[in-house]
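So the structure is just underneath, and the comments pick up after that.
Order of listing sets the numbers, starting from 1, for every ligand and every atom in it. Since the model is a prediction, treat every value here as computed from it, not as a measurement. This chain uses plain numbering: 1 for the first residue, then up along the sequence.
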Amino acid sequence: MLWYPYTQMKHANRLPKMVAGHGVMMELEDGRKLIDGISSWWSVIHGYNHPVLNTALAEQAGKFAHVMLGGLTHEPALQLAEALVRITPAGLNHVFFSDSGSIGVEVALKTAIQYWKNLGYQGKTKIVSLKNGYHGDTFKAMEVSDDSDFSHAFADVLHRDFIVEIPEGGFDAPADLVQPAIDQLEHLLISNSENIAAFIVEPIVQCAGGFHIYSPLYLRAARELCNKYNVLLIFDEVATGFGRTGKLFAAEHAGVTPDIMVVGKALTAGYMGHAATLSTDAVYHSFLGESYEKALMHGPTFMANALTCTVALKSIELFEQEDYLSKIKQINTIINQEFDTINSPFIADKRSIGAIGVIEFKDAAMLNGFKAFAMDKGVWLRPIGNVLYLMPPYIIQADELKSIINVMQKWVDQST
Ligand SMILES: *Cc1c(COP(=O)(O)O)cnc(C)c1O
């Protein structure tokens, strides 16, 4: 019997079964077709069953599907590393592959802690993270996350180091609203930096932790403070990467290069699990030496799987060829237009950025039954807590997008 994620299995019977996908449409066993509003946990950016991706995969499968990266290399891995260095913020020149976002985060944290050790510092091992952050479900990733729904059973085992506030006021917040969070970070670093290895954030948008959006001014200040107090800055772009916030990477909103950056989810267009942890020259060079002592002792069995690298490369190619950033801009315009007319005293906030639309309700109970309601109307959406969000595949057409938002509107109207 299959055990499902984030699920009280007692109530898990009779889940809808998907049998085929075409573009943004998900086809169910009973014949129903749903427009995908969340890109399968934000990964399926080109939609399902994409002919170009399928062909690239079949071609690579005809050569070899996988080979260990220990002691061998191959063209898809080399090319994907090169492509990632080219498209990510300048200075991130070294790419370590792993098989999921959580592991990509683990690699980032191990890299940061070992960096200081390699340089001869003792005790710079603690990690600062943001309130409401989410960085994955493995142990160290849980430690730097701040969502008790995901980790309450392990509260006694997890050693949370330092959590700081996110700035108020959203993306366009004036400097004086952002400053208190910057001050808090600086105070923490002033008194603790000799123990701190890194500061990890989801840049601009915190996704699973409630879709909070914050100012790029904060990231710029964080970059300066990390430099000043000798702390590495890690951007977890597993959710925000590949255009989701309207820039190819959210770091670009701030014009900041982190010391370490993690990408995942949309990296492989939702075809298979993979992540990459990128580092600057300074970080990478600290690992060079005569012995294994300084080396990064990590190596997931399926890192740089050849099918995975092939589909990721093709996905990046499609993204660039078809000018997805302008598609994402259009998606954002439509979200804003359509959200304008969704109003209710039960709504706490509406916000959007790039291809993300969020309606936050005052109470999670107001979304009870929403998923079934949406399915009845041909739309696949799955709220998180009190947040109803939309993160469609970038290939979505205007009328399909409006249909999804129309379902949100109907739900709000009928519950008001
Ligand atoms: C989903 C997510 C992760 C974890 O990725 P998995 O592939 O599910 O392990 C890490 N960080 C962020 C920001 C995410 O959204």
Side-chain angles (χ1 to χ4, degrees), residues 3-7 38-45 88 96-112 127-147 149-151 154 158 163 166 198-214 219 233-245 247-251 253 258 260-278 298 300-305 308 311-312 315 353-356 358 382-385 387 389-391:
W3 197 338
Y4 291 92
Y6 311 121
T7 300
I38 51 181
S39 309
S40 281
W41 278 330
W42 331 330
S43 64
V44 183
I45 55 176
T88 51
F96 194 94
F97 288 115
S98 56
D99 35 23
S100 72
S102 302
I103 305 300
V105 167
E106 297 287 338
V107 170
L109 297 172
K110 285 175 75 170
T111 303
I127 309 290
V128 184
S129 55
L130 283 181
K131 193 163 178 217
N132 304 314
Y134 175 80
H135 298 287
D137 293 344
T138 52
F139 270 96
K140 196 71 184 173
M142 279 196 291
E143 277 190 2
V144 298
S145 299
D146 176 42
D147 196 317
D149 285 350
F150 287 91
S151 60
F154 310 102
L158 298 176
I163 289 183
I166 66 160
F199 179 34
I200 184 169
V201 304
E202 292 161 273
I204 305 295
V205 189
Q206 298 182 297
C207 288
F211 296 90
H212 304 276
I213 303 173
Y214 64 87
L219 295 179
L233 180 61
I234 303 174
F235 282 179
D236 177 352
E237 293 237 19
V238 171
T240 52
F242 299 97
R244 190 51 75 176
T245 69
K247 302 274 188 194
L248 190 49
F249 295 98
H253 289 289
I260 302 173
M261 182 165 129
V262 190
V263 297
K265 289 197 165 100
L267 168 68
T268 52
Y271 269 66
M272 46 262 273
H274 223 64
T277 304
L278 289 97
H298 199 96
T301 305
F302 290 107
M303 71 184 291
N305 171 272
T308 303
V311 83
S315 169
I353 184 169
I356 306 176
V358 179
R382 188 171 187 264
I384 296 184
V387 171
Y389 74 94
L390 166 76
M391 281 167 91

>> Among V205, L219, T240, I353, exactly one meets side-chain contact (heavy atoms from CB on, under 4.5 Å) together with H253. Which residue is that?
In response: I353

> Do the ring planes of H274 and F97 sit parallel (below 30°), tilted (30 to 60°) or perpendicular (above 60°)?
Replying inline: tilted

> Would I200 and V105 satisfy side-chain contact (heavy atoms from CB on, under 4.5 Å), going step by step from the backbone distance to the final call?
Replying inline: CA-CA 9 Å; I200 184 169; V105 167; 4.1 Å; yes

Quick check on ligand 1: any N or O pairs to the protein under 3.5 Å? One line per pair.
unit_1: ligand 1; atom_1: 5 (O); unit_2: S102; atom_2: N; d: 3.4
unit_1: ligand 1; atom_1: 7 (O); unit_2: G101; atom_2: N; d: 2.8
unit_1: ligand 1; atom_1: 9 (O); unit_2: G101; atom_2: N; d: 3.4
unit_1: ligand 1; atom_1: 9 (O); unit_2: S102; atom_2: N; d: 2.7
unit_1: ligand 1; atom_1: 9 (O); unit_2: S102; atom_2: OG; d: 2.6
unit_1: ligand 1; atom_1: 11 (N); unit_2: D236; atom_2: OD1; d: 3.3
unit_1: ligand 1; atom_1: 11 (N); unit_2: D236; atom_2: OD2; d: 2.7
unit_1: ligand 1; atom_1: 15 (O); unit_2: K265; atom_2: NZ; d: 2.6

> How would you list all residue pairs meeting side-chain hydrogen bond (donor to acceptor under 3.5 Å, both in side chains) that involve residues 96-109, not counting sequence neighbours?
Replying inline: E106-T138

>> E202 vs H135, test: side-chain contact (heavy atoms from CB on, under 4.5 Å). Steps then yes/no.
In response: CA-CA 8 Å; E202 292 161 273; H135 298 287; 3.8 Å; yes

>> When you compare the side chain of P258 with that of F199, does any pair of heavy atoms fall below 4.5 Å?
In response: no

